[in-house]
Amino acid sequence: MGHKVLIVDDAAFMRMMIKDILVKNDFEVVGEAQDGNQAVEKYKELKPDLVTLDITMPEKDGITALKEIKGLDPSANVIMCSAMGQQAMVIDAIQAGAKDFIVKPFQADRVIEAIKKTLS
Ligand SMILES: [Mg+2]
């Protein structure tokens, strides 16, 4: 496959978990960001095929970053990473253009299914 992915999460452990799943499934992790500001900057710089975007982050949250990324590139492929109990924010994100969402704790098969569906 070799699709380029940008991973965004304020928790290093969560980034590591997703990166591990992606690398084992032949995706290329081209960058990581730990807040919404970095996410937007790295999106511009790296032009990834897909972004996994955490909702709750300092500085700029995932919903705001999503809107900015979609403003820059309406065709951006963004999957939200949510925690339990964030259904309302997930709905906001889907309305703002997110293609899908994955729920923590991540299950590898669900992550890969969401990514493949989004890129197909
Ligand atoms: Mg977070």
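The shown structure was predicted, so the numbers you read here are calculated from the model rather than taken from an experiment. Counting starts at 1 for both ligands and their atoms, following the listed order. Every heavy atom of this structure was used, including side-chain atoms; hydrogens, water molecules and symmetry mates were not.
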Q: Kindly give the heavy-atom pair with the smallest separation between Asp100 and Ala114, and that separation in Å.
A: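 For Asp100 versus Ala114, the nearest heavy atoms are OD2-CB, 3.6 Å.
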
Q: Measure across Ala96 and Lys70 and return the closest heavy-atom pair with its distance rounded to 0.1 Å.
A: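 Between these two residues, the closest heavy atoms are O-CG, 3.6 Å.
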
Q: If only atom types and distance count, is the side chain of Glu41 paired as donor or acceptor with the main-chain N or O of Asn37 below 3.5 Å?
A: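 Side chain of Glu41 to backbone of Asn37, a donor-acceptor pair under 3.5 Å: no, none is there.
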
Q: Among the protein atoms near the Mg ion (ligand 1), how many are N, O or S and lie under 2.8 Å away?
A: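 Protein N, O or S neighbours of the Mg ion (ligand 1) under 2.8 Å, waters not counted, come to 3.
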
Q: Ignoring hydrogens and geometry, is there a side-chain-to-backbone donor-acceptor pair from Lys42 to Glu32 under 3.5 Å?
A: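 Indeed, once roles are kept as given, a pair shorter than 3.5 Å links the two residues.
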
Q: For residues 74-84, dump all side-chain donor-acceptor pairs below 3.5 Å to protein atoms at least two apart in sequence or in another chain.
A:
{"from": "Ser75", "atom 1": "OG", "to": "Asp73", "atom 2": "OD1", "distance (Å)": "2.7"}
{"from": "Asn77", "atom 1": "OD1", "to": "Lys99", "atom 2": "NZ", "distance (Å)": "2.6"}
{"from": "Asn77", "atom 1": "ND2", "to": "Asp49", "atom 2": "O", "distance (Å)": "3.1"}

Q: As a test of understanding, state which of Leu6, Val29, Ile7 forms a side chain to side chain contact (heavy atoms under 4.5 Å, CB included) with Pro48.
A: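 Among the candidates, only Leu6 passes.
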
